[in-house]
Each structure stands twice: as C-alpha cells, then as structure tokens.
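One structure is given here, and the rest of the page talks about it.
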Amino acid sequence: MSDDAQTAESLIPYERWTDDALREVVIRAIELAASSGLPGEHHYYITFRTDHPGTRVPGHLKARYPQEMTVVLQHQYEGLAVDRAGGSFTVRLHFGGVPSTLVIPFVALTGFADPAVRFGLRFQPTQDAVAEEPAEAEPEQPAIPATPEAPAQVVSLDAFRRRPARD
C-alpha cells in the first residue's frame, strides 16, 4: 500500500458509521435495563454532553456540569425508557437526595462502560454539537447519583485506563 493511500481522506463516512453501530450496542443495553433491569453485577457508566442540543438536564446539574457529565445506572434509577424514534432515552436519578429527570440524546453520548465485564466505548462528538471546549478545560468529575438508602461504594477506574506501552 502506498503512502498516498494511507493518508488519503475517505469520501465514505466509515467513522460515523462505526459510531452509529456502536451506539446501537448502547441503545440495546439501555433497552435491556429498561425492560428487565440490570442482570447480575452489570452497571453502566454513561458519559454525555450536557450542552448538546436536545439534552435536558435540571438547572442545578447543568450549572455544575456545563459541558459533560457521567451518570451511573446501577441500583437506584427509575423511569428508564428508550425513545428510538426521538433518538434519546429518559431516566430519573437522585442527586443528593433530589430526584432529577434527564433526557439524553444518543448522539450526545461520549462514553459508555460496564465495569462488571470491563466493557467500554468512546464516541466522537457529532457535528451538530455545540461550541468546542476550551483547550485547557479540566476534566469533569463523574456525577454519581447519591441515595440515602444505598451504602456508599468506591469504584476504582484504574482497570479502564490505558496502560503505557512497554519497550
């Protein structure tokens, strides 16, 4: 294969098609949780753009997470529903004991993980996403729904971090 073929820009949107196919995996996972609950130790970390058009997040959360937010679906969630026609899902979570309903378009997703099986996906921002983040923005901390009924759990994300290549 020549260098020209390797550096040529594709006229076929393979990256978008791949993202669309992987988003379908997330949609099916959320549909499963909505219809049957999460089996075994499965739980989802869902990261999304709060500033994406169509995302609906209560004001107090939007103020705290103006660009990106991570939620956890594990034991305490309600009203999980997928709207395939609308291209989004809805879930009701408790943040500091305050119930909040979130509407998240699938195109706003930037990450999905199921730590129980060490499965994770990252998505490219869509073209209709709002303004770019500042170059030196600090990463947002995940918003983990807190409920008084559930005991606190510490989850190590070290298993999901990429390890540097060894020479």
Side-chain angles (χ1 to χ4, degrees), residues 1-57 61-62 65-75 77-93 100-133 137 139-145 155-165:
M1 189 175 236
S2 73
D3 287 340
D4 291 336
Q6 290 176 356
T7 59
E9 189 171 321
S10 178
L11 300 176
I12 300 171
Y14 290 119
E15 286 184 24
R16 190 189 72 210
W17 290 350
T18 301
D19 265 7
D20 290 347
L22 292 174
R23 284 180 205 280
E24 179 63 26
V25 172
V26 175
I27 293 168
R28 289 182 182 191
I30 294 171
E31 284 177 331
L32 174 72
S35 66
S36 310
L38 289 163
E41 296 298 315
H42 290 274
H43 55 288
Y44 304 153
Y45 283 72
I46 301 171
T47 304
F48 62 97
R49 297 292 304 201
T50 57
D51 58 358
H52 193 282
T55 301
R56 291 199 314 248
V57 177
L61 293 174
K62 176 76 169 152
Y65 303 98
Q67 296 172 331
E68 189 170 77
M69 179 178 184
T70 299
V71 295
V72 179
L73 299 185
Q74 189 169 12
H75 302 296
Y77 62 89
E78 303 167 335
L80 181 60
V82 172
D83 177 6
R84 278 188 174 265
S88 65
F89 70 97
T90 303
V91 64
R92 186 171 180 85
L93 298 168
S100 301
T101 299
L102 310 175
V103 177
I104 305 166
F106 291 112
V107 294
L109 297 179
T110 59
F112 174 86
D114 183 346
V117 290
R118 298 183 67 165
F119 178 80
L121 299 170
R122 296 295 298 167
F123 298 104
Q124 296 298 318
T126 60
Q127 290 179 351
D128 58 345
V130 294
E132 294 181 16
E133 291 184 48
E140 297 285 343
Q141 295 296 319
I144 300 177
V155 177
S156 172
L157 297 179
D158 291 339
F160 300 100
R161 293 196 173 105
R162 292 188 182 193
R163 306 220 191 305

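Here the side chains of I104 and V57 are not in contact, with every heavy-atom distance at 4.5 Å or above. Two residues are said to be in side-chain contact when any heavy atoms from C-beta on lie closer than 4.5 Å; H43 and H75 fail this criterion. At least one side-chain heavy atom of P39 sits less than 4.5 Å from a side-chain heavy atom of L32. Side-chain atoms of V103 and S88, non-hydrogen and from C-beta on, do get closer than 4.5 Å to each other. Contact of the Y77 side chain with the L38 side chain is registered, since non-hydrogen atoms from C-beta on lie closer than 4.5 Å. The side-chain heavy atoms of M69 and L61, taken from C-beta on, include a pair separated by under 4.5 Å.
Smallest separation of non-hydrogen atoms from P105 and P53: CG-O, 3.8 Å.
Note that CG of L121 and CG of D114 are 10.5 Å apart. Values are rounded to the nearest 0.5 Å. Separation of atoms NZ (K62) and CD (Q67) is listed at 8.0 Å; rounding is to 0.5 Å. Here the NE2-CD distance, from H52 to E68, works out to 12.0 Å after rounding to the nearest 0.5 Å. Between atom OG of residue S36 and atom CD of residue E31 there is a gap of 10.5 Å, rounded to the nearest 0.5 Å.
The only option from L80, T101, L102 that meets the side-chain contact (heavy atoms from CB on, under 4.5 Å) definition with R92 turns out to be T101. With F48 as reference, L109 is the one residue of L109, T110, T70 to meet the side-chain contact (heavy atoms from CB on, under 4.5 Å) rule.
Formation of a donor-acceptor pair under 3.5 Å by the T18 side chain with backbone atoms of Y14 is found in this model. The backbone N or O of T50 sits nowhere less than 3.5 Å from a side-chain atom of T55 that would complete a donor-acceptor pair.
For E15, there are no salt bridge (Lys or Arg N to Asp or Glu O under 4.0 Å) partners at least two apart in sequence or on another chain. Under the ring pair (Phe, Tyr, Trp, His ring centres under 6.0 Å) criterion, F89 pairs with F106, not counting sequence neighbours.
Relative orientation of the F112 and Y44 rings is tilted, given thresholds of 30° and 60° on the angle between their planes.
For R122, the CZ atom sits in a packed shell: over 12 heavy atoms of surrounding residues, nucleotides or ligands are nearer than 6.0 Å.
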(message) Please evaluate residues I30 and I46 with respect to the criterion side-chain contact (heavy atoms from CB on, under 4.5 Å), reporting the C-alpha separation (whole Å), side-chain torsions for both, the decisive distance (0.1 Å), and the verdict.
(response) CA-CA 10 Å; I30 294 171; I46 301 171; 4.0 Å; yes
(message) Please determine whether side-chain contact (heavy atoms from CB on, under 4.5 Å) holds for the pair V91 and V71, giving the CA-CA distance in whole Å, both sets of side-chain angles, and the decisive distance to 0.1 Å.
(response) CA-CA 10 Å; V91 64; V71 295; 5.6 Å; no
(request) Just do the side-chain contact (heavy atoms from CB on, under 4.5 Å) check on F123 and V107 with the steps written out, would you? (result) CA-CA 9 Å; F123 298 104; V107 294; over 6 Å; no
